[in-house]
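Accompanying notes for the structure given below.
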There are 2 protein chains.
Amino acid sequence: MTQQVKIDRGAGISLWRQIAEWLKAEIASGTYAKDARVPTEAEIAARFDVNRHTVRRAIAALTNDGILRADQGRGTYVASTPLAYPISRRTRFSEIVSAQDKTPTGKMTAAAEEEADALIATQLGVNIGTPLWRIGTLRVVDGFPVLVSTSWLEKARFGNLPEIYDASNSFTECMKQAGVTDYTRKSTKVTAELIEPSDAIQLGLGEGQPVLVVESVNVGPDGQPVQYTRSRMAADRIQLVIENDG
Amino acid sequence: MTQQVKIDRGAGISLWRQIAEWLKAEIASGTYAKDARVPTEAEIAARFDVNRHTVRRAIAALTNDGILRADQGRGTYVASTPLAYPISRRTRFSEIVSAQDKTPTGKMTAAAEEEADALIATQLGVNIGTPLWRIGTLRVVDGFPVLVSTSWLEKARFGNLPEIYDASNSFTECMKQAGVTDYTRKSTKVTAELIEPSDAIQLGLGEGQPVLVVESVNVGPDGQPVQYTRSRMAADRIQLVIENDG
DNA sequence: GTTATTCGTCTATACAAATAGACAATTACC
DNA sequence: GGTAATTGTCTATTTGTATAGACGAATAAC
């Protein structure tokens with residue numbers, strides 16, 4: 001569905017930025033697929049009644065971000081498209097990415113012991129002060145970082161979690177070795193926030209950028225919480241899809 | 001959780017706009033409740049290493065939007081907080097709003113007959129060309145518009161839908177009178193888009209603003225789709241919460 | 001080879017945003 | 001009443017954004 005949109009002057013977002021966002025939205029909505037040719041600079045300028053230079057500034061920014069590729073004399077093309085990220089009861093990053101013919105990679109970025117504060121204790125159904133593992137991970141798609149997460153799991157139950165995760169890059173494996181044969185998502189909360197500096201560095205985003213923040217609780221087969229996760233997603237590289245499993 | 005954030009210079013979003021977004025995020029995350037006092041202009045200016053005037057510009061924008069209230073000599077206070085909007089199998093706007101001690105109102109904004117195109121036919125499980133009702137609604141919380149929706153339902157099944165909805169302001173009532181004793185949400189897709197001009201007018205948002213777009217399918221007791229809805233939510237007035245039931 | 005199209009580069013001007021400084025007005029506290 | 005804190009208002013300057021025009025370079029079509 002093509003976005004029919006006018007730009008907002010005076011709202012504190014530069015025109016070039018708004019046009020860049022429009023182009024990204026068009027790509028995300030499927031109007032322009034990977035390798036498709038987007039409208040010319042002159043067409044976009046006419047569409048929004050702006051100067052061609054303003055359009056060039058927008059295209060330059062997206063080219064720098066790896067989203068567009070401009071070929072002199074030929075036009076401007078889509079270099080990459082965002083990942084559709086389903087949030088269902090059973091969400092497995094690698095499967096999602098591979099199913100979209102993209103290449104998933106990732107790594108553990110941090111591992112530490114931590115005592116449960118009030119929020120996390122509530123989410124995990126444990127006492128305040130319970131020893132936890134706090135695991136930081138980074139997910140990469142086709143070479144571009146898309147998602148950073150922080151997960152909290154009980155240390156008593158997942159004793160050598162960092163070593164297992166480091167070797168396997170998989171929470172499913174960690175769960176299995178701790179005797180949790182299956183786990184599913186119990187609840188999810190979506191908000192938008194401005195990116196934190198350490199996340200900005202990992203995601204390769206500029207400071208002050210908005211990210212989708214997804215907080216979720218995973219439960220084991222017995223319905224007890226086993227993992228609380230807070231993920232920060234690069235909103236222009238990921239599109240959230242929620243499916244209510246019967 | 002306080003947002004620890006620096007602002008991004010050169011990314012095409014003015015500093016005042018970024019500070020306004022930060023303040024909104026702080027309010028949305030609960031750092032500052034309704035009627036709480038936010039940091040002073042001087043504190044914010046120091047925090048972000050900007051001029052006080054830049055902070056004043058941000059506060060002025062939020063004051064204009066009804067989010068903040070500045071009192072000379074005393075400080076700046078939160079005038080309103082966003083609505084937490086749960087997306088579960090059974091989502092009823094009035095109940096959600098009233099449960100948060102806010103006042104829900106709303107109205108039908110449009111009603112028309114329309115033939116099902118390929119997308120909607122797929123979503124509703126009907127043939128292309130099937131006669132449908134297309135119903136536009138606007139939802140208001142404490143006097144501020146938060147959500148516009150467009151719903152599609154089969155005309156053959158919901159023959160006098162516009163009249164019933166106009167009188168009752170309730171899809172639940174329309175469903176009941178059509179013999180659908182209960183309906184639940186089957187699937188939900190969340191994306192972010194730039195607001196369309198007609199929606200901007202109804203939501204009182206500036207053009208070029210991002211909105212959360214939620215597409216959902218409601219099914220009757222027999223599991224068959226009865227309603228396809230596309231909602232556009234003012235992202236700074238609504239916070240999405242997803243709960244996986246059962 | 002010529003023409004048309006599209007992106008790339010350069011110079012110049014006007015307006016918005018950001019900064020700086022100062023002082024006024026209001027509120028709160030002692 | 002005096003002082004401190006905080007928002008409100010005014011003037012001024014610099015930087016960033018947007019616009020305008022022109023021409024060059026590369027590609028595509030005939």
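Here the structure is a predicted model, which means the values were calculated and not measured. Every chain is numbered from 1 and lettered A, B, ... according to where its sequence line falls, protein lines coming before strand lines.
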Please tell me which of B:H53 and B:E41 maps to the more 5' nucleotide of DNA chain D, matching each residue to the nucleotide holding its nearest heavy atom. B:E41
Without decimals, in angstroms, what is the distance between B:D71 CG and D:dG8 P? 8 Å
Please work out if B:R52 contacts a base, only the sugar-phosphate, or nothing of the nucleic acid, heavy-atom cut-off 4.0 Å. base
Integer-rounded Å distance: C:dT6 P and A:I59 CD1: 12 Å
Phosphate-side-chain proximity, B:R57 and D:dT9, N/O vs OP1/OP2 below 4.0 Å: no
Would you mind classifying the nucleic acid contact of A:R37 as base, sugar-phosphate or nothing, using non-hydrogen atoms under 4.0 angstrom? sugar-phosphate
Would you say B:N51 places a side-chain N or O within less than 4.0 Å of OP1 or OP2 belonging to C:dA18? no
How close do A:L138 and A:Q202 get, counting heavy atoms only, and between which atoms? CD1-O, 3.9 Å
Side-chain N or O of A:R74 closer than 4.0 Å to phosphate OP1/OP2 of D:dA26: no
Give a yes-or-no answer on whether the side chains of A:Q227 and A:W152 include a donor-acceptor pair shorter than 3.5 Å. no
Residue pair B:A70/B:G12 against DNA chain D: nearer the 5' end by closest nucleotide is B:A70
Taking only the side-chain nitrogens and oxygens of B:S14, find out if one of them lies under 4.0 Å from OP1 or OP2 of C:dA16. no
Just N and O in the side chain of B:T54: are any of them under 4.0 Å from OP1 or OP2 of C:dT19? yes
Rounded to whole Å, the CH2-C1' distance (B:W16 to D:dG16) equals 15 Å
I need the CD1-C1' distance between B:I13 and C:dA18, as an integer number of Å. 16 Å
Closest to the 5' end of DNA chain C, once A:E43 and B:G73 are matched to their nearest nucleotides, is A:E43
Scan side-chain atoms only and decide if B:E113 and B:W133 contain a donor-acceptor pair under the 3.5 Å cut-off. no
Rounded interatomic separation in angstrom, taking CD from B:Q72 and C1' from D:dT7: 5 Å
Closest non-hydrogen atom pair, A:L203 against A:V146: CD2-C, 3.6 Å
Nearest-Å distance for atom pair CG/P, residues B:L15 and D:dT15: 15 Å
Have a look at A:R56 and say if it touches a base, only the backbone sugar-phosphate, or nothing, with a 4.0 Å heavy-atom cut-off. base
Quickly work out the A:R69 CZ to C:dG8 C1' distance and round it to whole Å. 17 Å
Nucleotide C:dA17, atom P - distance to CZ of A:R9 in whole Å: 12 Å
Quick one: do the A:S14 and A:R57 side chains pair a donor with an acceptor below 3.5 Å? no
